[in-house]
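Worksheet for the structure shown next.
First the proteins, then the strands, lettered A, B, ... as listed; each starts at 1.
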Number of protein chains: 2
Amino acid sequence: MSTVSALGYALLCLLDRGPSTGYDLARRLRRPIGYYWTARHTQIYPELARLAAAGLVTYQAGSGPGPRQKKTYTNTAAGRDALAEWLVTPAAPRAPKDELLLKTYAVAAADSSRMARLYLAAAAEHAQRLAEYRSQLTDLTDAGATGPGHPGFGNYATLRYGIAIEQQREAWCRWMASTLADHPS
Amino acid sequence: MSTVSALGYALLCLLDRGPSTGYDLARRLRRPIGYYWTARHTQIYPELARLAAAGLVTYQAGSGPGPRQKKTYTNTAAGRDALAEWLVTPAAPRAPKDELLLKTYAVAAADSSRMARLYLAAAAEHAQRLAEYRSQLTDLTDAGATGPGHPGFGNYATLRYGIAIEQQREAWCRWMASTLADHPS
DNA sequence: CTAATCATGTAAGGCGTTACATGATTTT
DNA sequence: AAAATCATGTAACGCCTTACATGATTAG
C-alpha cells in the first residue's frame with residue numbers, strides 16, 4: 001500500500017484542477033503554491049512515476065520537443081479519493097526551521113547595528129511580499145472568490161493567511177531593528 | 001574551509017551561553033529553540049565532531065555512564081568569531097512547507113464539515129501554544145529581559161514573534177472553520 | 001543567430017528521521 | 001524490580017538540491 005508523500009498529494013491537488021505535464025506542474029507549483037510548498041522538476045518527475053505506478057494518476061503520451069515522450073497526467077478516481085481522504089487527515093507536525101529566529105536567540109553575541117540592518121532588510125522583503133499578496137487578493141475579491149464554492153476560494157483563503165503573517169513579521173522585524181538601534185552594543 | 005551548516009551554528013549559539021555535552025545540547029535545543037529549530041541527537045553528535053575538526057569547538061573528555069567517553073564542549077575563539085559573523089549574514093531563503101495551507105488550496109475537493117473540524121483542531125493547538133508562550137513571556141518580563149543587554153532578551157524577542165504568529169494563525173483557522181461551516185458542500 | 005521556453009529524465013551528495021546498539025546511575 | 005535519565009554513537013532510508021544530459025520550437 002505504497003504511501004504517498006506530501007509532494008505526491010500536492011501534485012494530486014494541482015491535477016485536480018486540470019491535467020498537466022510534469023513541466024507544467026513545476027510551473028503551476030510556483031504560484032501560488034510556491035508560497036507554502038515547493039519542488040523542482042527533478043523531484044516532480046520521479047514522483048509522477050510513483051503516482052502512476054500506484055494507480056492514482058494516468059497519462060497520455062505524445063511526441064515531445066526533446067528526445068523523450070511528452071506525458072499529460074490526469075487524476076484517476078482512486079487519485080481523487082486518496083486526495084479527498086488526505087485533505088481531511090490531520091497533518092503530522094513538521095520541524096520548524098527559521099534561521100532569523102535562531103539568530104535572534106543569539107542576538108547578544110552579535111554587533112547590534114549590523115544586526116539591526118539585517119532586520120530592516122527582512123522587513124523590506126516582507127513589505128514587498130505583502131504588496132504582491134494584496135494585489136492578488138484584490139483580483140480574487142473582484143472575481144468573487146471570497147466564499148467556498150467559488151473555484152478561487154482556496155487561493156483566496158491562503159492569501160488571507162499570507163497577508164496576516166507577513167504583516168506580523170514585518171512589524172516584528174521593524175520592532176527588532178528599532179530596539180537594537182536604541183541600544184547600541 | 002569546510003562550511004558550517006545551520007545546525008552547526010545553532011550549536012555554537014547554545015555553546016555561547018555555556019559549555020555542554022552533546023546530550024545536554026539536545027535537551028537545551030528543545031526549548032525555546034525547538035520552536036524554530038530542531039535536531040535529534042543522531043544529527044548533533046556528528047555535527048559536534050565536524051565543528052571540533054574545524055577548530056570551532058573543543059571538548060574535555062571524561063568517563064561517561066555508558067561504554068563511551070563523555071565529552072563537554074566549549075566554543076573556541078574561532079567559534080565565537082564564526083558565530084558573530086554568521087549572525088549578521090543574511091539567511092538564504094528557505095523553501096516553505098505548510099501542509100495545512102496546501103490542503104487549504106485544494107479545499108474545494110474536500111468534504112466541508114470534516115475539513116472544518118481540521119481547522120478547529122489546529123486552532124485549539126495554536127491556542128495552547130499561545131498560552132505556553134504567554135506564560136514564558138511573563139516570566140521573562142518579570143526578569144527584566146525586555147531590552148537588549150539582558151541575557152534573556154533573545155528568548156524574549158523570539159517569544160514575542162511566536163505570540164504574534166500563533167494569534168494570527170489561530171484566528172485564521174477559526175475563520176476557515178466558520179466559513180466552511182456556513183457553507184456546507 | 002541567440003536566447004528562452006518546452007519537455008523529460010539521471011546521479012551525486014547533503015540534510016534529517018527512525019531504528020539499532022550499549023551500559024551506568026538514579027528515581028519510582 | 002522496573003523505568004527513566006544520562007551518555008554516545010552507527011546504519012539505512014527518505015526528502016531535497018545541484019549539476020549533468022538531450023534536443024525541438026519559438027521569440028527577439
Side-chain angles (χ1 to χ4, degrees), chain A residues 1-11 19-30 33-34 36-54 57 59-73 91-99 102, chain B residues 2-11 14 19-30 33-34 36-54 57 59-73 91-99 102:
Chain A
M1 45 147 275
S2 58
T3 54
V4 178
S5 70
L7 172 61
Y9 288 112
L11 298 177
S20 283
T21 62
Y23 184 88
D24 198 39
L25 285 169
R27 188 188 55 75
R28 289 175 60 200
L29 201 56
R30 281 202 287 272
I33 297 191
Y36 39 88
W37 206 274
T38 61
R40 316 271 168 160
H41 75 275
T42 50
Q43 235 190 315
I44 291 170
Y45 288 119
E47 187 61 39
L48 283 170
R50 277 188 290 272
L51 291 174
V57 300
Y59 60 86
Q60 277 190 315
S63 69
R68 294 198 190 79
Q69 284 200 305
K70 165 177 160 168
K71 294 169 189 165
T72 304
Y73 289 88
R94 290 210 149 233
K97 300 266 154 162
D98 194 324
E99 214 173 294
L102 189 53
Chain B
S2 57
T3 55
V4 177
S5 70
L7 172 61
Y9 288 112
L11 298 177
L14 283 169
S20 283
T21 62
Y23 184 88
D24 197 40
L25 286 169
R27 188 187 54 75
R28 290 175 60 201
L29 201 57
R30 282 203 286 271
I33 296 190
Y36 40 87
W37 206 272
T38 60
R40 315 270 168 163
H41 75 275
T42 50
Q43 235 190 316
I44 291 170
Y45 288 119
E47 187 60 39
L48 283 169
R50 278 190 289 271
L51 290 174
V57 300
Y59 60 87
Q60 277 190 315
S63 69
R68 293 198 190 79
Q69 284 200 308
K70 166 177 162 168
K71 294 170 189 165
T72 304
Y73 289 87
R94 291 208 147 234
K97 300 266 152 162
D98 194 322
E99 213 172 295
L102 189 53

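Between L102(B) and Y9(A), the closest side-chain pair of non-hydrogen atoms is not below 4.5 Å. At a threshold of 4.5 Å between non-hydrogen side-chain atoms, the residues L11(A) and V57(A) do not count as touching.
Using modelled atom types, one side-chain atom of R28(B) and one backbone atom of L14(B) make a donor-acceptor pair closer than 3.5 Å.
At dG9(C), one or more side-chain N or O atoms of K71(A) fall inside 4.0 Å of OP1 or OP2 (strictly under the cut-off). Checking the phosphate oxygens (OP1, OP2) of dT17(D), a side-chain nitrogen or oxygen of Q43(A) falls inside 4.0 Å. Of the side-chain N and O atoms in Y45(B), none sit less than 4.0 angstrom from OP1 or OP2 of dG9(D). Close to dC16(D), at under 4.0 Å from its OP1 or OP2, lies a side-chain N or O of K97(B). For K70(A) and dA24(D), the shortest distance from a side-chain N or O to OP1 or OP2 is not below 4.0 Å. Between Y23(A) and dT8(C) there is no side-chain N or O to OP1 or OP2 distance below 4.0 Å.
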Can you give each donor-acceptor pair under 3.5 Å made by side-chain atoms of residues 37-45 of chain B, sequence neighbours left out, with the distance rounded to 0.1 Å?
unit_1: Y45(B); atom_1: OH; unit_2: Y23(B); atom_2: N; d: 3.4

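Counting to the nearest Å, the P atom of dT8(D) and the CD atom of Q60(B) are 14 Å from each other. If you measure from atom CZ of R68(B) to atom C1' of dG9(D), you get 4 Å, rounded to the nearest angstrom. Straight-line distance from the CZ atom of R30(B) to the C1' atom of dC6(D): 12 Å, rounded to whole Å. If you take CG of L7(B) and C1' of dG16(C), they are 10 Å apart, rounded to a whole angstrom. Rounded to whole Å, the distance from CD1 on I44(B) to C1' on dC6(D) is 14 Å. Residue Y73(B) contributes atom OH, which lies 13 Å from atom P of dA7(D) at whole-angstrom precision. In this structure, H41(B) places its NE2 atom 13 Å from P of dA7(D), rounding to the nearest Å. One atom, CZ of R50(A), and another, P of dT8(C), lie 16 Å apart when rounded to the nearest Å.
Here the closest non-hydrogen pair linking E47(A) and S5(A) is OE1-OG, 3.4 Å. Between G34(B) and P96(A), the shortest heavy-atom distance links the atoms O-CG, 3.6 Å.
Closest approach to the R40(B) side chain among dT17(C), dT8(D), dT8(C) is made by dT17(C) (side chain taken as heavy atoms from C-beta onward). Distance from the side chain of R94(A) is smallest for dC16(D) among the nucleotides dG23(C), dC16(D), dT17(C).
Rounded to 10 degrees, the angle separating the terminal helix axes of the helix from dC1(C)-dG28(D) to dT28(C)-dA1(D), each built from five base pairs, is 40°.
Residue whose closest nucleotide on DNA chain D sits further toward the 5' end, between A39(A) and P65(A): A39(A).
Annotation: the span from L7(B) atom CG to L29(B) atom CG amounts to 7.5 Å, rounded to 0.5 Å. K71(A) contributes atom NZ, which lies 9.0 Å from atom CZ of R68(A) (distance to the nearest 0.5 angstrom).
At the heavy-atom level, T42(B) lies under 4.0 Å from base atoms of the strands shown.
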